[in-house]
Amino acid sequence: MKIDITRHGFGLTVLVFFAFLALLFSVEPALEPKVMIGAGLPLGGVIYALDQWSPEFATVLLVVVVFVSSLLLAIFTSRNMIHFEKTYLPITLYLFTGVAMLCSAHYLNVFIAALLVIYSINIISGTFSRFGTASGIFNASLFVGLAPLFYAPSVVFVLSLPVALAMHRSDVRMWIVSLCGVLLPVAVCSYVEWAIGDGFWLAVNEMWTDIISPSTVSWSLPVSYIMLIALIVVMIIWSTVVCARTWNSTRPRAIKAISYNYWQLAISLLMFALPSRSIEMMAFVAIPVSVLLPAIFMRGGSRLASNVLYLVLILAVIAVSV
């Protein structure tokens, strides 16, 4: 009987997810900010106040946000048949690549912003097989516009919308709808702050300050973090080779989804060019990575090699947690 640790049902996947999440929460992360990231932003400040009121509730909320994010990534992957068959691997891969190094409620705003970006991607993916509707484009843009109010550097994901619109051959009306959706959250926050006596541009200034201010998180990475990041890089290259090898047999809708995810990967890496670059940006890199990496395990060829690689990834995550 052949054993394959990368192919299992939803129940076992969820069990593995929460087992590793409990392990990661059992120790303090090596790189933890002194205060919650995004605490000075309009909506990030609300989450910070919630953490001050009840740190336990903030931790529970972090678990819920991370789990929902993982589920949405699995739904996106399966809906678009990116890897030829249904897989729940994105659930654990998002945990391993994006959460393992950031398991602290101080990163809650980061993961909320990541969840909003993921939800936007899911809305956009619903139009990969047809022309996008105005409501879908507006909602996707709205969630992308909300994200920077929790974590300012996530504003770079606005760049994902023109690509999505171009892929759907949208007309001028769709572009206007998308622009309105992106600007609406900031406009509402600006109006509210002006109404209570603060400056109209306060929300914009807060986001700009957050983007250009150096991070408070140290860049002196532990060896275990460096090993995990290096392994992720190797896996990205491997999955790219696999995707290129099977490109001709991939469905058109899956090709759109894969192409869009590589653009998301480029945008997430662009975040590290900002003055506020920090390790928490791995939460956004993990979004496309957890969608693309299953190619290694689902259509990479050698089952033994893929199982060994998955075990190495698990060991790297365990090393981070000890």
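We use all heavy atoms of the structure for the numbers below, so side chains are in, but hydrogens, waters and symmetry mates are not.
- Rounding to the nearest 0.5 angstrom, the gap separating the OG1 atom in Thr87 from the CG atom in Leu93 is 8.0 Å.
- Residues Phe111 and Leu62 meet the side-chain proximity criterion, which asks for heavy atoms closer than 4.5 Å.
- Cluster annotation: Trp175 is not connected to Val177 through the hydrophobic network of ILVMFWY side chains, with a link wherever side-chain heavy atoms come within less than 4.5 Å.
- Side chain of Gln264 to backbone of Ile287: no donor-acceptor contact under 3.5 angstrom is found.
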Residue pair Leu159, Leu270: steps toward the side-chain contact (heavy atoms from CB on, under 4.5 Å) verdict: CA-CA 11 Å; Leu159 296 174; Leu270 180 63; 3.8 Å; yes
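- Using a 4.5 Å heavy-atom cutoff, the side chains of Asp51 and Leu108 are not in contact.
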Verify side-chain contact (heavy atoms from CB on, under 4.5 Å) between Ile232 and Val285, making sure each step is shown before the conclusion. CA-CA 10 Å; Ile232 292 170; Val285 175; 5.5 Å; no
Chi angles and distances behind the side-chain contact (heavy atoms from CB on, under 4.5 Å) call for Ile279, Ile229: CA-CA 10 Å; Ile279 189 65; Ile229 293 172; 4.0 Å; yes
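- Taking both residues in full, the closest heavy atoms of Ile124 and Tyr260 are given as CD1-OH, 3.2 Å, listed atom of the first, atom of the second, then distance.
- A donor-acceptor pair under 3.5 Å is formed between the side chain of Ser259 and the backbone N or O of Ile255.
- Taking CG from Leu24 and CE from Met101, the interatomic distance works out to 10.5 Å, rounded to the nearest 0.5 Å.
- Shown here are the side chain to side chain contact (heavy atoms under 4.5 Å, CB included) partners of Val155, two or more places apart in sequence or in another chain: Pro148, Val158, Ile211.
- Contact annotation: the side chain of Ile37 never approaches that of Asn109 to less than 4.5 Å [non-hydrogen atoms, C-beta and beyond].
- Arg277 places a side-chain N or O within 3.5 Å of a backbone atom of Leu274 that can act as its donor or acceptor partner.
- Within the 4.5 Å cutoff, side-chain heavy atoms of Phe10 are placed close to those of Ile91.
- Between Leu179 and Leu161, every side-chain heavy-atom pair lies at or beyond the 4.5 Å cut-off.
- The two atoms that bring Ile236 and Leu293 nearest to each other are N-CD2, 3.7 Å, heavy atoms only.
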Evaluate the side-chain contact (heavy atoms from CB on, under 4.5 Å) criterion for residues Leu292 and Tyr262: first the C-alpha distance (whole Å), next the side-chain angles of each, then the deciding distance (0.1 Å), finally the verdict. CA-CA 8 Å; Leu292 297 170; Tyr262 273 109; 3.8 Å; yes
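- Within the 4.5 Å cutoff, no side-chain heavy atoms of Val182 are placed close to those of Leu142.
- Hydrophobic clustering, with ILVMFWY side chains joined whenever heavy atoms are under 4.5 angstrom apart, groups Leu50 together with Leu115.
- Of all heavy-atom pairs between Met235 and Leu309, the closest is CG-CD2, 3.9 Å.
- Ile318 CD1 to Ser224 OG: the interatomic distance, rounded to the nearest 0.5 Å, is 12.0 Å.
- The aromatic rings of Trp194 and Tyr191 sit tilted relative to each other, their planes meeting at an angle between 30° and 60°.
- Of the possible donor and acceptor atoms, one in the side chain of Asn122 sits under 3.5 Å from a partner among the backbone N and O of Ile118.
- Under a hydrophobic-cluster definition in which Ile, Leu, Val, Met, Phe, Trp and Tyr are linked whenever side-chain heavy atoms come within less than 4.5 Å, directly or via other members, Leu116 and Val64 are assigned to the same cluster.
- Listed here is the closest heavy atom pair of Gly98 and Ala286: CA-CB, 3.4 Å.
- Taking the six-membered ring for Trp and thresholds of 30 and 60 degrees, Phe96 and Tyr310 have ring planes inclined between 30 and 60 degrees apart.
- Taking the six-membered ring where the residue is Trp, Phe143 and Tyr119 present perpendicular rings, their angle passing 60° and hence far from 30°.
- Here the side chains of Leu313 and Leu231 are in contact, with some heavy-atom distance below 4.5 Å.
- Atoms OH and CG, on Tyr151 and Leu41 in that order, are 10.0 Å from each other to the nearest 0.5 Å.
- Annotation for Phe138: atom CZ counts as buried by contact number, over 12 foreign heavy atoms lying within 6.0 Å.
- The two atoms that bring Met271 and Met281 nearest to each other are O-SD, 3.4 Å, heavy atoms only.
- Panel note: side chain Asn261, backbone Ala257; a donor-acceptor pair is recorded below 3.5 Å.
- Between the Thr59 side chain and the Pro55 main chain, a donor and an acceptor come within less than 3.5 Å of each other.
- Rounded to the nearest 0.5 angstrom, Ile258 CD1 and Cys243 SG are separated by 4.5 Å.
- Taken together through direct or relayed side-chain contacts under 4.5 Å among Ile, Leu, Val, Met, Phe, Trp and Tyr, Trp238 and Leu269 form part of one hydrophobic cluster.
- With contacts defined as side-chain heavy-atom distances shorter than 4.5 Å, the pair Met207/Val186 qualifies.
- Annotation for Ser69 and Tyr94: closest pair CB-CE2, 3.8 Å, computed over non-hydrogen atoms.
- To the nearest 0.5 Å, atom OH of residue Tyr88 and atom CD1 of residue Ile75 are 9.5 Å apart.
- Under a hydrophobic-cluster definition in which Ile, Leu, Val, Met, Phe, Trp and Tyr are linked whenever side-chain heavy atoms come within less than 4.5 Å, directly or via other members, Val99 and Phe25 are assigned to the same cluster.
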